[in-house]
Amino acid sequence: MTGSPRFPLLLLLGLVVTPLARAAADGGAFDPGQTPSADVAAAKQRRYLLYDVNPPEGFNLRRDVYLRMASLMKTLLKNEDWVLVLPPWGHLYHWQSPNLEQVRIVWAAFFDVPSLNKNVPVIEYEQYISESGGPFIEQIYVLQGYAEGWTEGRWEEKIDERPCIDGLEYKNDKQGFYRGWFWGYKETRGLSVACLSVQGSASIVVPVLLENTTAQSVMLDRGENLLHDHYAGKDYWDARRSMVFAKHLRMVGDEFRAKYLNSTDEVDKTVYNEDWTKMKVKLGIARGGPYLGVHLRRKDFIWGHRKDVSTISGAVETIHNLLEKLKLDRVFVATDAAEDELDELKKHLPEMIRFEPSREELELYNDGGVAIIDQWICAHARYFVGTSVSTFSFRIHEEREILGFDPQTTYNRFCGDEETECEQPTHWKIVY
């Protein structure tokens, strides 16, 4: 960060007009007019950092934003006692299974929360409600870019309080509190809102959190506007390695591998240590199961990345060439392809195997859990090929790096049918 943050006086856009709201610890209804009890009104030492991401962003980009927040937490913890509140999952673009209510999903449904806690302190949102005394957030900062863009084409890290560029999505209720999406928790309220223009890494907001607000709970909305402090460095990889998939999802993936792909950890040399802090393997030690792993991104990528996204026929040709080259006879495909494209794949790719959950399994795991199972199976393949610039493929790259696969078997992608130069993904080597 260059210079000091320019906050001569933090003028909050919101005005608190009633006492701090509180919900009873036994689950009583939220009443904005209640007077807080003495135990809640008394200031606590621990402070809470909450965050959210632009609603259209997908599951795997949100996982990346978590890594940025974990890095921010490490900087905050050098100064004060903070805990990161995990934003509940729900209403994501790719979660389109019909007649399935996917909202207010806890992180434990997808990730091993104790593993996250070995990197930075985290809690689920409902635990936050219980600890803080009610479903309220004292200070919300909406992060945004600068209306004028880069000045003189020169990059510099900076942060300023500015008027909201796109207007506030938070609306005042009759009591003067702010209502918003809040992950589907309709009873949650914000007490005060301000917009911050930011240009820089996650820790650029530290002076604001430590010096410009005394709020016990602070939420950073649009967290994707912050960059990584040290991308691909040790802190990054510690946070990434701590994002251990929930054990029940890994077990489903392992059972599927054993049943349909003749793949087990012992034979494949992919034995997993439940304690990520003790898992350190040499690249190239993992062999992988006797199948090709494929991530074939379709839907929005068809029109959003036309030049570097293969057609179905082009992908089939690539898969057949790889199967022949690697002397494999099975390919596991993770894809969001529409029904007509799936029919084309089945017709021209009889070697294809997919994880297709029953209705009961879908209700149990949700679309997010199915995506993790797909990633886990792809991560154990003898060879993996993904889709250009897809964060779904990126996360598989990282999982294979953690497991110890040869980079040449991991950092591969399909080429667009008309691409003249098909640059392959960058190898980001793990740092312990």
Side-chain angles (χ1 to χ4, degrees), residues 50-67 85-116 122-129 181-186 188 223-224 242-257 259-260 293 295-301 332-339 342 353-380 387 390-396 398-399:
L50 302 92
Y51 75 96
D52 203 359
V53 179
N54 188 25
E57 299 293 355
F59 185 54
N60 291 288
L61 184 280
R62 290 167 184 269
R63 289 173 61 188
D64 191 75
V65 175
Y66 168 80
L67 301 179
V85 182
L86 302 169
W89 300 94
H91 280 332
L92 302 191
Y93 167 77
H94 286 100
W95 294 1
Q96 298 180 0
S97 292
N99 304 316
L100 192 62
E101 183 68 16
Q102 301 189 75
V103 68
R104 296 168 63 151
I105 301 174
V106 298
W107 275 61
F110 303 137
F111 301 97
D112 184 71
V113 176
S115 292
L116 296 175
V122 301
I123 58 174
E124 300 276 15
Y125 181 67
E126 291 194 2
Q127 183 179 343
Y128 160 75
I129 293 176
W181 158 240
F182 295 122
W183 317 286
Y185 285 80
K186 296 180 180 180
T188 295
E224 73 281 358
S242 76
M243 295 190 78
V244 175
F245 291 141
K247 190 169 185 178
H248 67 279
L249 298 177
R250 288 185 280 126
M251 289 177 63
V252 173
D254 290 342
E255 291 172 0
F256 186 92
R257 287 166 49 212
K259 185 175 181 180
Y260 297 104
H295 171 227
L296 192 58
R297 178 77 173 267
R298 307 303 293 165
K299 291 189 175 177
D300 56 325
F301 265 43
F332 177 81
V333 177
T335 183
D336 62 346
E339 286 299 321
L342 283 176
I353 296 172
R354 298 178 61 237
F355 177 73
E356 300 179 279
S358 65
R359 182 65 191 184
E360 291 75 17
E361 289 174 321
L362 189 55
E363 291 175 349
L364 181 61
Y365 309 137
N366 292 298
D367 285 336
V370 172
I372 286 174
I373 293 168
D374 274 347
Q375 288 183 332
W376 188 246
I377 297 171
C378 282
H380 287 77
T387 299
S390 166
T391 51
F392 191 103
S393 291
F394 289 162
R395 300 288 85 88
I396 295 171
E398 293 170 336
E399 211 66 48

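Note that this is a predicted model, so its numbers are computed, not measured.
Aromatic rings of W376 and F355 (six-membered ring for Trp) have centroids beyond the 6.0 Å cut-off, not under it.
Between R395 and D64 there is a salt bridge, since a side-chain N of the basic residue sits under 4.0 Å from a carboxylate O of the acidic one.
From Y365, atom OH reaches atom CD1 of I105 across 14.5 Å, with rounding to the nearest 0.5 Å. For the atom pair H295 NE2 and C378 SG, the distance stands at 8.0 Å (nearest 0.5 Å). Note that the OG atom of S242 and the CG atom of L67 stand 7.5 Å from one another [nearest 0.5 Å]. Rounded to the nearest 0.5 Å, atoms CG (L249) and CG (D374) are 11.0 Å apart. In this structure, the separation between CG on D367 and CD1 on I372 is 11.5 Å, given to the nearest 0.5 Å. Rounded to the nearest 0.5 angstrom, R257 CZ and I377 CD1 are separated by 8.5 Å.
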Pair F245-F110, side-chain contact (heavy atoms from CB on, under 4.5 Å): steps then yes or no: CA-CA 6 Å; F245 291 141; F110 303 137; over 6 Å; no
Trace of the side-chain contact (heavy atoms from CB on, under 4.5 Å) decision for R62 with L92: CA-CA 10 Å; R62 290 167 184 269; L92 302 191; 3.3 Å; yes
Output, in order, the C-alpha distance, side-chain angles, deciding distance and verdict of side-chain contact (heavy atoms from CB on, under 4.5 Å) for W181 and H91. CA-CA 11 Å; W181 158 240; H91 280 332; 3.0 Å; yes
CA sep, side-chain torsions, deciding dist, call: R359, L100, side-chain contact (heavy atoms from CB on, under 4.5 Å): CA-CA 10 Å; R359 182 65 191 184; L100 192 62; 4.0 Å; yes
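Nearest approach of A371 to F392, heavy atoms of both residues: O-CZ, 3.8 Å. For Q102 against G368, the heavy-atom pair with the smallest separation is OE1-N, 4.3 Å. For the residue pair E124 and V106, the shortest heavy atom distance occurs at OE2-CB, 3.5 Å. The two residues A108 and H248 have their closest heavy-atom pair at O-CE1, 4.1 Å. Contact record, I373 with G253: CG2-CA, 4.1 Å, taken as the closest heavy-atom pair. Between A109 and A246, the shortest heavy-atom contact is O-CB, 4.1 Å.
Between R354 and L342, some side-chain heavy-atom pair lies under the 4.5 Å cut-off. A 4.5 Å side-chain heavy-atom check between R250 and V244 finds at least one atom pair inside the cut-off. At a threshold of 4.5 Å between non-hydrogen side-chain atoms, the residues L116 and W107 count as touching. Proximity of T335 to R298: side-chain heavy atoms (C-beta onward) are separated by under 4.5 Å at one or more points. Within the 4.5 Å cutoff, the side chain of Y66 has heavy atoms near those of the L86 side chain.
The salt bridge (charged side-chain N to carboxylate O under 4.0 Å, His left out) check on E360 picks up nothing, with sequence neighbours excluded. Under the rule for a ring pair (Phe, Tyr, Trp, His ring centres under 6.0 Å), the partners of Y185 that lie at least two apart in sequence or sit in another chain are Y125.
A 6.0 Å sphere centred on OH of Y260 holds no more than 12 heavy atoms belonging to other residues, nucleotides or ligands. Under a cut-off of 6.0 angstrom, the local environment of CD in E356 is crowded, with over 12 non-hydrogen atoms contributed by other residues, nucleotides or ligands.
Between W95 and W89, the ring planes are tilted. Angles from 30° to 60° get that label.
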Do any side-chain atoms of residues 50-60 form donor-acceptor pairs under 3.5 angstrom with protein atoms, and if so which ones, sequence neighbours left out?
unit_1: D52; atom_1: OD1; unit_2: W183; atom_2: NE1; d: 3.4
unit_1: D52; atom_1: OD2; unit_2: W183; atom_2: NE1; d: 3.4
unit_1: N60; atom_1: OD1; unit_2: R63; atom_2: NH1; d: 3.1
unit_1: N60; atom_1: OD1; unit_2: Q375; atom_2: NE2; d: 3.0

